[in-house]
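This report refers to the structure that appears directly beneath it.
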2 protein chains.
Amino acid sequence: MISPVYVKIFDDIKLKINSAELKPGDAIDSETTLCKEYGTSRMTVRNGLAMLVNEGYIYSIPGKGNFVKKPEHNKYNLYYDEMNNAINSVDKTKLLEVNIILPDEKLADNLQITKNKRVIMLRRLFYTEGKPIAYDVKYLIYNKGTPIVEKEIEYASFPEMLSKSVSLFTLKKDLLISAQIPDQDIKRYLEIREDLALLVVEQKLYNLENKPMGLGTTFYRGDYIKLEGTGQ
Amino acid sequence: MISPVYVKIFDDIKLKINSAELKPGDAIDSETTLCKEYGTSRMTVRNGLAMLVNEGYIYSIPGKGNFVKKPEHNKYNLYYDEMNNAINSVDKTKLLEVNIILPDEKLADNLQITKNKRVIMLRRLFYTEGKPIAYDVKYLIYNKGTPIVEKEIEYASFPEMLSKSVSLFTLKKDLLISAQIPDQDIKRYLEIREDLALLVVEQKLYNLENKPMGLGTTFYRGDYIKLEGTGQ
DNA sequence: CAGTGGTCTAGACCACAGC
DNA sequence: CTGTGGTCTAGACCACTGC
């Protein structure tokens with residue numbers, strides 16, 4: 001098991017932090033000191049420290065030194081794919097409606113547009129093994145020249161819908177996750193007769209200038225979805 | 001507005017990717033080519049490329065080159081703090097019970113322990129403005145010598161509870177988010193009389209060896225919580 | 001003032017891709 | 001074989017910190 005010197009430096013310091021030999025706020029040996037300790041050049045040391053910075057273990061203050069960071073124990077990675085989650089995946093969708101509409105006050109406000117700017121609305125149902133498990137409504141800013149291809153939209157996730165008009169790299173996305181009781185309409189769409197909670201995911205997409213590009217809400221049957229997050 | 005050369009390189013290439021001049025899978029100019037283009041040394045170029053790698057724009061294949069990555073448009077950052085969310089925060093907690101118990105089959109299985117290994121159970125209520133908004137149950141592996149300090153536990157988040165026995169850096173965490181209808185017990189605890197959905201967050205904490213250290217579930221009134229995720 | 005991290009140079013050798 | 005990225009050296013000057 002041979003590994004580069006800078007990985008050795010990274011591992012050593014990481015171990016000291018994990019074993020609590022170095023605590024948050026503590027200073028790390030200076031770069032020149034580490035150079036001597038490992039008998040290596042400064043660039044190699046900095047390479048190892050850069051890894052620690054990238055993984056959130058340390059931070060540096062120019063002129064002072066490198067210090068152990070407080071771990072962000074409230075941060076999680078969430079994978080949210082409208083059609084796939086921890087316990088189920090969508091195998092069929094049904095396009096209920098595609099329409100160009102004029103937004104009402106609230107929608108215009110949310111999309112930061114005037115009320116005479118047209119918006120694409122689409123409503124879909126998601127199915128798993130023949131049963132409807134989610135009701136989905138999306139609003140997209142209408143761009144002339146961006147054709148609406150029903151077949152493409154039917155199976156597209158929200159970010160993919162916008163990929164024609166915006167590079168996916170430039171998309172900023174926000175999620176809001178909540179739980180609520182279904183109203184009559186949704187009960188009908190999802191064929192819910194018993195008492196059942198909905199998991200509601202609201203998505204908002206922005207371009208790089210923070211201009212809203214789309215707004216969407218997906219109502220999942222609570223017994224058919226679990227969202228999964230992983231820490232660190 | 002002066003910025004280091006490597007930041008300029010980073011910005012230039014990022015712009016090319018965002019403007020779709022460079023598409024996923026495309027090769028970037030080689031490092032030596034970039035050295036000539038910017039009249040700089042290889043380390044400076046590599047510094048800029050490292051930033052692009054860290055932000056998920058590119059990846060490199062040794063011997064071949066650097067390439068534009070496909071954006072991960074299903075990845076979000078989720079901040080989950082048991083006591084604080086997008087629309088409310090907990091201002092009071094009530095410790096219903098702290099006990100050392102023997103796990104039942106399911107719990108022992110989940111914590112990967114034998115049924116004669118003791119477990120700390122604690123149950124809490126979270127309040128906002130005098131009203132109970134969440135019911136919380138946690139199970140922690142019992143470690144001899146780790147004192148249970150009620151006052152500490154009462155206001156601690158789950159990762160903090162374990163911080164005495166494990167470095168917070170070493171904690172791996174999993175979240176499962178779902179929605180369900182409250183049962184009679186929870187309705188009583190949360191003083192729910194109307195129809196209401198619960199947002200349920202299950203947390204599982206592991207140490208570095210992937211040994212489960214704790215298990216917890218928090219049941220939030222659906223009208224008092226929204227979880228917030230941000231993309232990219 | 002000496003020590004720190006930030007930026008940068010101009011080289012080097014290596015393992016690996018692809019021809 | 002040439003070209004690629006991965007690792008590394010031994011210096012340099014700068015801005016900043018703290019004494």
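In what follows, every chain begins at residue 1, and chains take the letters A, B, ... in the order their sequences are listed.
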Just to be sure I understand: a Watson-Crick pair is purine N1 to pyrimidine N3 plus N6-O4 or O6-N4, both under 3.5 Å. Using that and G-U wobbles, which stems of three or more pairs involve DNA chain C? C:1-16 with D:3-18
Can you tell which of D:dC8, D:dT7, C:dT9 lies closest to the side chain of B:R46? D:dT7
Less than 4.0 angstrom from a charged side-chain N to a carboxylate O is my criterion; do A:D12 and A:K8 meet it? yes
Spacing between B:F67 atom CZ and C:dA17 atom P, to the nearest angstrom: 12 Å
Examine D:dT9: is either OP1 or OP2 under 4.0 Å from a nitrogen or oxygen in the side chain of A:T44? Give yes or no. yes
Are side-chain heavy atoms of A:M43 and A:Y6 found at a separation under 4.5 Å? no
Whole Å only: how far is the CG atom of A:L34 from the C1' atom of C:dT4? 13 Å
By the 4.0 Å heavy-atom rule, please label A:L49 as base, sugar-phosphate, or nothing. nothing
From C-beta outward on B:S30, which listed nucleotide comes closest to its side chain: C:dG6, D:dG5, C:dT9? D:dG5
Rounded distance in Å - CD1 (A:I58) to C1' (C:dG5): 11 Å
Given DNA chain D, 5'-ward residue of the pair B:I28 and A:G63, judged by closest heavy atom: B:I28
Expressed as a whole number of angstroms, how long is the span from B:Y59:OH to D:dT4:P? 17 Å
Would you say B:L227 and A:L78 make side-chain contact, with heavy atoms under 4.5 Å? no
Name the orientation class of the two ring planes belonging to B:Y220 and B:F126 (parallel below 30°, tilted from 30 to 60°, perpendicular beyond 60°). tilted
Counting side-chain heavy atoms from CB outward, which of D:dC8, C:dG5, C:dC8 is closest to A:V5? D:dC8
Name the closest nucleotide to the A:N66 side chain, picking from C:dC8, C:dG5, D:dG5. C:dG5
Heavy-atom side-chain contact between B:I177 and A:Y80 under 4.5 Å: no
Send over the distance from B:M43 CE to D:dA12 P, rounded to a whole Å. 17 Å
Is there a side-chain polar atom (N or O) of B:S60 under 4.0 Å from OP1 or OP2 of D:dG6? yes
Stepwise side-chain hydrogen bond (donor to acceptor under 3.5 Å, both in side chains) check, A:Y76 with B:Q203: CA-CA 11 Å; A:Y76 295 84; B:Q203 268 180 299; 3.0 Å; yes
Checking contacts here: which listed nucleotide (D:dT17, D:dT7, C:dA17) is nearest the side-chain heavy atoms of A:K64? D:dT17
Closest nucleotide among D:dC8, C:dT4, C:dG5 to the A:T32 side chain: C:dT4
D:dC8 C1' sits how many Å from A:Y38 OH, rounded? 16 Å
Given atom CG of A:N47 and atom C1' of D:dT9, what is their separation to the nearest angstrom? 13 Å
Donor-acceptor contact below 3.5 Å, side chain B:D91 vs main chain B:E129: yes
Choose from D:dC8, D:dT9, C:dG5 the nucleotide whose nearest atom is closest to any side-chain atom of A:E31. C:dG5
Between A:I61 and A:Y6, which is nearer to the 5' end of DNA chain D once each is assigned its nearest nucleotide? A:Y6
If you check every side-chain atom of A:P62, which of D:dT9, C:dG6, C:dC8 has the closest atom? C:dG6
Can you list the residues that meet the side chain to side chain contact (heavy atoms under 4.5 Å, CB included) rule with A:N110, with sequence neighbours excluded? A:K106, A:K204, A:L215
